[in-house]
Amino acid sequence: MTSVVLQPIGRVDSSLTSVGSAPRQADEGAPAAWLVFDPQMREGLRGLHAGQRVIVITWLDRARRDVLSLHPRGDSSRPMAGVFSTRSPHRPNPLGLHEVEIIAVDGLRVQVRHLEAIDGTPIVDLKPVLTGDTASR
């Protein structure tokens, strides 16, 4: 197999400081947070604006990478399931996918609503959410 190398393009700046304090999903009380990008990413941020929905792709650097099955949501009363049938952060390649709305853009910082990633989480990409009027982009 070919190896894959990901380079972080920024990091999350959030009031969530531990895995235990983070909600499991964005709609479970995730706060607003800042996406702070590396200076060489400035040109790539052109065109982002408040009100836009984007998908933030993160590297869940504090997740376990040796998990292939688990009890969904950590609930031992539920039957074991393969990790690929769950949204668990613990998986061989712990990529996080977070659909958020941009609140503000300030230079290399982008503020978003409802991000459940914890402070310092590496950002590996950002993509617009496609809707009928943006699907051709």
I need the [X] [atom1] to [Y] [atom2] distance, nearest 0.5 Å.
| X | Y | atom1 | atom2 | answer |
| --- | --- | --- | --- | --- |
| I123 | T58 | CD1 | OG1 | 8.0 Å |
| L97 | L95 | CG | CG | 7.0 Å |
| H71 | M80 | NE2 | CE | 5.0 Å |
| F37 | R42 | CZ | CZ | 12.0 Å |
| E99 | R53 | CD | CZ | 4.5 Å |
| L70 | S76 | CG | OG | 12.0 Å |

For W34, the option from D106, V110, L115 that meets side chain to side chain contact (heavy atoms under 4.5 Å, CB included):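 Only one option passes, and that is D106.
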Result of checking I102, T121, V56 against L35 for side chain to side chain contact (heavy atoms under 4.5 Å, CB included):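 So, applying the side chain to side chain contact (heavy atoms under 4.5 Å, CB included) to L35 and each of I102, T121, V56, only V56 qualifies.
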Heavy-atom distance under 4.5 Å between the side chains of V105 and Q111, does that happen here?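 Not touching, per the 4.5 Å side-chain cut-off.
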Go through V12 and I118 one step at a time and tell me if the side chain to side chain contact (heavy atoms under 4.5 Å, CB included) criterion holds. CA-CA 7 Å; V12 172; I118 60 178; over 6 Å; no
What's the shortest heavy-atom distance between [X] and [Y], and which atoms?
| X | Y | result |
| --- | --- | --- |
| L48 | Q52 | CA-OE1, 3.3 Å |
| G120 | R62 | C-NH2, 3.5 Å |
| T86 | R91 | O-NH1, 3.5 Å |

Would the distance check show the side chain of [X] and the main-chain N or O of [Y] forming a donor-acceptor pair, the cut-off being under 3.5 Å?
| X | Y | value |
| --- | --- | --- |
| R65 | P92 | yes |
| D75 | S77 | yes |
| H90 | A63 | no |
| D119 | S14 | yes |

Heavy atoms of other groups near Q7 CD, more than 12 under 6.0 Å: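 Open.
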Within one Ile-Leu-Val-Met-Phe-Trp-Tyr cluster: [X] and [Y], side-chain cutoff 4.5 Å:
| X | Y | result |
| --- | --- | --- |
| V67 | F84 | yes |
| L108 | I103 | no |
| V83 | W59 | no |
| L60 | I57 | no |
| V54 | V36 | no |

With distance as the sole criterion, is a donor-acceptor pair present between the side chains of E116 and H98 under 3.5 Å?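 Yes.
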